[in-house]
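As structure tokens, the structure follows; a few thoughts come after it.
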Amino acid sequence: QVQLVESGGGLVQAGGSLRLSCAASGLTFSSHAMGWFRQGPGKEREFVATISWSGGSTYYPDSVKGRFTISRDNAKNTVYLQMNNLRPGDTAVYYCAAGSYGPLGNNYDYWGRGTQVTVSS
């Protein structure tokens, strides 16, 4: 049974930082690209970051580029999202996903349950 468990969310002031983690089990982690998505209140799900199986390729939308960094540790079956210079607009539930490299939700076969990130102004 595949499980993706996110952690590290919380309440932070604008300009602050958080690091999210996603621990994977039940799959060959190093064979899967990993992604982060988010869904803010009243908003559609939004792509945040993706990383290839080796970690050699990453991709971000303009909304987070330069502020967020995705990384992975295949020895620990964990993917991370370092978020710096957070803005109130980054408030959302953040989900990690495992599948194929790319920005589309349909690229991913497995999803975590999410962790809440709230950025206060």
Side-chain angles (χ1 to χ4, degrees):
Q1 180 182 359
V2 175
Q3 281 195 314
L4 302 176
V5 181
E6 302 94 338
S7 61
L11 174 65
V12 64
Q13 287 189 329
S17 297
L18 282 174
R19 188 174 85 151
L20 305 184
S21 300
C22 172
S25 61
L27 78 169
T28 306
F29 182 75
S30 59
S31 297
H32 288 76
M34 299 297 294
W36 285 96
F37 292 77
R38 67 186 182 187
Q39 188 163 17
K43 296 181 181 179
E44 306 242 328
R45 185 178 64 192
E46 177 187 14
F47 164 70
V48 174
T50 185
I51 187 166
S52 61
W53 63 270
S54 67
S57 296
T58 58
Y59 179 68
Y60 308 89
D62 288 344
S63 57
V64 307
K65 193 178 297 182
R67 300 189 298 124
F68 291 10
T69 303
I70 189 171
S71 62
R72 66 189 296 159
D73 185 337
N74 285 349
K76 295 183 177 180
N77 287 2
T78 302
V79 63
Y80 305 96
L81 185 68
Q82 177 67 43
M83 305 186 295
N84 298 328
N85 191 20
L86 282 160
R87 305 166 179 168
D90 295 319
T91 294
V93 177
Y94 283 71
Y95 300 90
C96 76
S100 300
Y101 183 77
L104 301 179
N106 289 345
N107 286 14
Y108 298 88
D109 303 307
Y110 307 105
W111 293 81
R113 293 191 172 187
T115 186
Q116 176 71 46
V117 172
T118 303
V119 184
S120 64
S121 58

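Any value given below was found using the heavy atoms of this structure, including those in side chains, with hydrogens, waters and symmetry copies removed. Along the sequence shown, residues carry numbers from 1.
The hydrophobic cluster containing Phe29 also contains Val2, counting ILVMFWY residues as joined when their side-chain heavy atoms lie under 4.5 angstrom apart, directly or transitively. No single ILVMFWY cluster, assembled from side-chain heavy atoms under 4.5 Å apart, contains both Tyr80 and Tyr95. Residues Val93 and Phe68 do not share a hydrophobic cluster, defined by chaining ILVMFWY side chains whose heavy atoms lie under 4.5 Å apart. Note: the hydrophobic cluster containing Val79 does not contain Trp111 (ILVMFWY, side chain heavy atoms under 4.5 Å, direct or indirect links).
Ion pairing between Asp62 and Lys65 holds under the 4.0 Å rule for side-chain N and carboxylate O.
For the residue pair Asn74 and Arg72, a side-chain donor N or O sits within less than 3.5 Å of a side-chain acceptor on the partner. For the residue pair Ser17 / Asn84, a side-chain donor-acceptor distance below 3.5 Å is found, with atom types taken as modelled.
Separating the OG atom in Ser57 from the CD1 atom in Ile70 is a distance of 11.5 Å, to the nearest 0.5 Å. The CG atom of Leu4 sits 7.5 Å away from atom OG of Ser25, with the distance rounded to the nearest 0.5 Å. Interatomic distance, CG of Asp90 versus CG of Asn85, reported as 8.5 Å (0.5 Å rounding). Atom CE of Met34 and atom CG of Asn77 lie 9.5 Å apart (nearest 0.5 Å). Interatomic distance, CG of Asp109 versus CG of Leu27, reported as 9.5 Å (0.5 Å rounding). In this structure, Glu46 CD and Arg38 CZ are separated by 4.0 Å, a value rounded to the nearest 0.5 Å.
Below 30°, between 30° and 60°, or above 60°: for Phe37 and Tyr108 the angle between ring planes is above 60°, a perpendicular geometry.
Here the closest non-hydrogen pair linking Thr78 and Lys76 is OG1-O, 2.8 Å. Smallest separation of non-hydrogen atoms from Ser52 and Gly56: OG-N, 3.2 Å. For Tyr94 against Val48, the heavy-atom pair with the smallest separation is CE2-CG2, 4.3 Å. Between Gly102 and Phe47 the shortest heavy-atom distance is O-CE1, 3.9 Å.
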List the atom pairs, with distances to 0.1 Å, where a side-chain N or O of residues 114-121 and a protein N or O form a donor-acceptor pair under 3.5 Å, not counting sequence neighbours.
{"from": "Thr115", "atom 1": "OG1", "to": "Gly9", "atom 2": "N", "distance (Å)": "3.3"}
{"from": "Gln116", "atom 1": "NE2", "to": "Ala92", "atom 2": "O", "distance (Å)": "3.4"}
{"from": "Gln116", "atom 1": "NE2", "to": "Thr118", "atom 2": "OG1", "distance (Å)": "3.3"}

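Within 6.0 Å of atom CH2 in Trp53, 12 or fewer heavy atoms from other residues, nucleotides or ligands are found, so the atom counts as exposed in its surroundings. Surrounding CZ of Arg45 are more than 12 heavy atoms belonging to other residues, nucleotides or ligands, all under 6.0 Å away. Within 6.0 Å of OH in Tyr101 there are more than 12 heavy atoms belonging to other residues, nucleotides or ligands.
Using modelled atom types, no side-chain atom of Thr91 and backbone atom of Gly89 make a donor-acceptor pair closer than 3.5 Å.
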- Task: Could you check Leu20 against Glu6 for side chain to side chain contact (heavy atoms under 4.5 Å, CB included), going step by step and ending with a plain yes or no?
- Result: CA-CA 7 Å; Leu20 305 184; Glu6 302 94 338; over 6 Å; no
- Message: Assess the residue pair Asp73 and Ser71 against the criterion (side chain to side chain contact (heavy atoms under 4.5 Å, CB included)); give the C-alpha distance rounded to whole Å, side-chain angles, the decisive distance to 0.1 Å, and a yes or no.
- Response: CA-CA 7 Å; Asp73 185 337; Ser71 62; over 6 Å; no
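At least one side-chain heavy atom of Tyr60 sits less than 4.5 Å from a side-chain heavy atom of Thr69.
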